[in-house]
Each structure stands twice: as structure tokens, then as C-alpha cells.
Amino acid sequence: MTPLLKRIRKLPVGYCQVIYNEKRYGVTRSDFNNGNSHKVYAEELGGNDFISLNYYVTSSLENLKPCEMPFDKVEDFLNGFQLT
């Protein structure tokens, strides 16, 4: 399991709030395919920023797919959020 997948799995399935860059975000995590696919959508509360990603686990690899945003932005969010 990669460090990014470990961070994704720290988020509860459903809705939660996190702190990222000293701002509060509402985050929704959904799991599919018996927990082998994850969708994460985070939206800055009271702001304009958002994070959107899919993460796929197959028998041979794990793959992070940002949704219309730079990989680095998604990676930074996953490594930097703090659960509230």
C-alpha cells in the first residue's frame, strides 16, 4: 500500500472536515469495487479551492488520477490535510 493510499484511507467514507493550509475543507470519500477504487472530493468551506481525485488499486499497480488539476496539487493535499 502506497503512502498516498494510506492517507486516503485515513479519511472516513462519507463526509468529514479537514484542515489544509490553515483552511477548512469539506471532504467526501466514496469507495467502489470492494474498496479497490476511491473517489475523493474536497471543497474549501467559504472559499473557491477544491480537490478532486480517483485512486485505483489493481492486482499489479496503484494509480492516482487527479480530476482536471495538477498531480502535485492533489499529492500536496493528501500529504498535508489534518482531520478535525
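Bear in mind that the values here come from a model prediction, so they are computed numbers and not experimental data.
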*Quick one: CG on Asn63 to CG on Asn54, what's the gap to the nearest 0.5 Å?*
10.0 Å
*asked:* Is the shortest side-chain heavy-atom distance between Thr84 and Arg24 below 4.5 Å?
replied: yes
*Check whether any side-chain heavy atom of Val40 lies under 4.5 Å from a side-chain heavy atom of Ile8, and answer yes or no.*
yes
_Let me confirm one number: the CG-OH distance from Leu4 to Tyr55, rounded to the nearest 0.5 Å._
6.0 Å
*Hydrophobic cluster identity match, Tyr15 and Leu11, side-chain contacts under 4.5 Å*: no
*According to a 4.5 Å side-chain heavy-atom criterion applied to Ile, Leu, Val, Met, Phe, Trp and Tyr, with indirect links allowed, do Val27 and Phe32 form part of one hydrophobic cluster?*
no
_Distance, nearest 0.5 Å, that separates CD1 of Ile51 from CD of Glu43_ = 11.0 Å
*Where do Asn48 and Glu44 come nearest, in terms of heavy atoms and distance?*
N-OE1, 3.6 Å
*Please tell me if the side chains of Gln82 and Val18 come closer than 4.5 Å, counting only heavy atoms from C-beta onward.*
no
*Establish, from distance only, whether the side-chain atoms of Thr2 and Glu62 form a donor-acceptor pair under 3.5 Å.*
yes
*Following the transitive rule for hydrophobic clusters with a side-chain heavy-atom cut-off under 4.5 Å over Ile, Leu, Val, Met, Phe, Trp and Tyr, establish whether Phe71 and Leu78 coincide in one cluster.*
yes
_Applying side chain to side chain contact (heavy atoms under 4.5 Å, CB included) to Asn79 and Glu75, what does each step give before you reach the verdict?_
CA-CA 6 Å; Asn79 286 321; Glu75 183 179 43; 3.5 Å; yes
*Going by heavy atoms in the side chains, are His38 and Leu5 under 4.5 Å from each other?*
yes
_For the student: nearest non-hydrogen atoms of Ser52 and Lys39, plus distance_ = OG-NZ, 3.6 Å
*Taking the six-membered ring for Trp and the single ring otherwise, decide whether the centroids of Phe81 and Tyr20 are under 6.0 Å apart.*
no
*In terms of side-chain geometry, is the basic nitrogen of Asp49 or Lys73 positioned less than 4.0 Å from the acidic oxygen of its partner?*
yes
*Side-chain heavy atoms under 4.5 angstrom apart, residues restricted to Ile, Leu, Val, Met, Phe, Trp, Tyr: same cluster for Tyr56 and Val13?*
no
*Is Pro12 close to Leu83 at the side-chain level, that is, under 4.5 Å between some pair of heavy atoms?*
yes
*side chain to side chain contact (heavy atoms under 4.5 Å, CB included) between Thr58 and Asn36, worked out*: CA-CA 7 Å; Thr58 68; Asn36 290 317; over 6 Å; no
*Is Phe50 atom CZ crowded by more than 12 heavy atoms from other residues, nucleotides or ligands, each under 6.0 Å away?*
no
*Does the pair Leu45 and Gln17 meet the rule for a side chain to side chain contact (heavy atoms under 4.5 Å, CB included), with working shown?*
CA-CA 9 Å; Leu45 301 177; Gln17 291 187 8; 3.8 Å; yes
*asked:* Please find the pair of heavy atoms, one from Phe77 and one from Ala42, that lie closest to each other, and give the distance.
replied: CZ-CB, 3.6 Å
